[in-house]
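In what follows, a single structure is set out as C-alpha cells and then discussed.
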Amino acid sequence: MKTASWILWVGILVAVFFLGRCSKKCAAVETIQVETVTETRVDTVTIVEPVETVRTEIRRETIAAPADTVYLPGDTVRIEVSIETKEYRDTLYALQIEGYRPRLNWVEVYPRTQYIYRTETKTINTPARRWALGPAFAYGYDIKNNHWAPFVGVSLNYVLVSW
C-alpha cells in the first residue's frame with residue numbers, strides 16, 4: 001500500500017510539473033516599438049508669363065540696325081536702346097532678368113515638402129498569474145499525531161507579491 005501511494009504522489013508531481021510547463025508565462029511583457037518615416041515630395045509649380053513687379057532702366061546703349069530690308073554696307077541707322085532690369089517675385093519664386101526688351105516666358109520651381117509619419121505600437125500583455133498549483137515540500141505541525149513532521153503534497157497558492 002505504501003508503494004502505491006508513493007507512485008501516486010510521484011505521478012501527481014510529474015503531472016503538475018508538466019501542467020505548469022504548458023501554462024502561459026508568468027512574467028508581464030511590455031513591448032514598445034516606435035517607427036518614424038520621413039518622406040520628401042517634390043511638387044512642380046508652373047507659372048506661365050508671370051506679372052512683373054519692378055522695372056528699372058539701367059542705361060541706354062546705341063546699336064547699329066539696318067536702315068532697309070536690303071542690307072548694304074554703310075546702310076545702317078544708329079538707334080538708342082534702353083537696357084532694363086526686370087524683377088519677378090512671388091511666394092514660391094524670385095528672379096531678375098536684364099537685357100534689351102527682356103521677356104520671361106515661364107518659370108518652373110520645385111518646392112520640397114516633407115511629410116513625417118510616426119507609428120507607435122504598444123503591446124502590454126496581462127500581468128503575472130495570481131493563482132498557482134504546484135508541489136509542496138514543507139515542515140509543519142501534524143494535527144492527527146500531535147507532533148511536527150515533514151509534509152510532501154500538492155498546494156494551491158495565491159501569489160501576493162511577484163518579482
Side-chain angles (χ1 to χ4, degrees), residues 10-138 153-163:
V10 170
I12 290 173
L13 289 175
V14 169
V16 167
F17 174 76
F18 283 111
L19 280 174
R21 299 289 289 172
C22 296
S23 66
K24 66 179 183 177
K25 298 284 184 197
C26 293
V29 176
E30 183 175 339
T31 303
I32 298 174
Q33 176 185 3
V34 177
E35 179 181 339
T36 304
V37 176
T38 303
E39 178 182 333
T40 303
R41 291 187 185 170
V42 178
D43 299 325
T44 303
V45 178
T46 303
I47 301 162
V48 180
E49 294 190 22
V51 178
E52 65 185 61
T53 56
V54 177
R55 176 187 283 191
T56 308
E57 184 175 315
I58 300 174
R59 64 184 180 277
R60 296 180 85 58
E61 288 186 8
T62 305
I63 62 169
D68 202 348
T69 55
V70 178
Y71 178 73
L72 297 171
D75 188 19
T76 59
V77 176
R78 307 293 282 165
I79 302 173
E80 192 174 287
V81 179
S82 103
I83 305 296
E84 295 177 336
T85 298
K86 290 186 180 181
E87 189 173 304
Y88 297 85
R89 190 172 299 276
D90 194 354
T91 58
L92 299 175
Y93 65 92
L95 64 108
Q96 184 181 46
I97 59 171
E98 177 181 309
Y100 165 69
R101 292 176 59 186
R103 178 184 165 99
L104 179 64
N105 292 328
W106 56 268
V107 174
E108 207 168 318
V109 291
Y110 303 101
R112 297 191 184 325
T113 307
Q114 276 194 342
Y115 300 95
I116 298 175
Y117 304 102
R118 182 181 170 130
T119 305
E120 187 170 324
T121 305
K122 190 172 187 178
T123 305
I124 299 175
N125 291 343
T126 57
R129 293 181 309 194
R130 292 293 181 185
W131 290 98
L133 179 67
F137 305 100
V154 178
S155 68
L156 177 64
N157 300 321
Y158 183 78
V159 178
L160 295 175
V161 178
S162 63
W163 56 86

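The first residue of the sequence shown is numbered 1, and numbering continues consecutively from there.
- Shown here are the salt bridge (Lys or Arg N to Asp or Glu O under 4.0 Å) partners of E98, two or more places apart in sequence or in another chain: there are none.
- Looking at residues two or more places apart in sequence or on another chain, you find a side chain to side chain donor-acceptor pair (under 3.5 Å) between R55 and E52.
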Original post:
Yes or no on side-chain contact (heavy atoms from CB on, under 4.5 Å) for I116 and V37, after CA distance, side-chain angles and deciding distance?
Top reply: CA-CA 6 Å; I116 298 175; V37 176; over 6 Å; no
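- Listed by chain and number, the residues in a side-chain contact (heavy atoms from CB on, under 4.5 Å) with V77 are A67, I79 (sequence neighbours excluded).
- By the side chain to side chain donor-acceptor pair (under 3.5 Å) test, Q96 is found to be paired with no residue, residues two or more places apart in sequence or in another chain being considered.
- Partners of E39 by side chain to side chain donor-acceptor pair (under 3.5 Å), not counting sequence neighbours, listed by chain and number: R41.
- Side-chain contact between V154 and L133: present, with at least one pair of heavy atoms (C-beta onward) separated by less than 4.5 Å.
- With sequence neighbours left out, the side chain to side chain donor-acceptor pair (under 3.5 Å) criterion links S155 to N157.
- Note that CG of L95 and NZ of K86 are 11.5 Å apart. Values are rounded to the nearest 0.5 Å.
- A 6.0 Å sphere centred on CZ of R60 holds more than 12 heavy atoms belonging to other residues, nucleotides or ligands.
- For the atom pair OG1 of T36 and CZ of R118, the computed distance is 5.0 Å after rounding to the nearest 0.5 Å.
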**OP:** Using the side-chain contact (heavy atoms from CB on, under 4.5 Å) rule, take T38 and Y117 through it: C-alpha gap first, then chi angles, then the decisive distance, then the call.
**Re:** CA-CA 6 Å; T38 303; Y117 304 102; over 6 Å; no
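- With contacts defined as side-chain heavy-atom distances shorter than 4.5 Å, the pair Y88/I97 qualifies.
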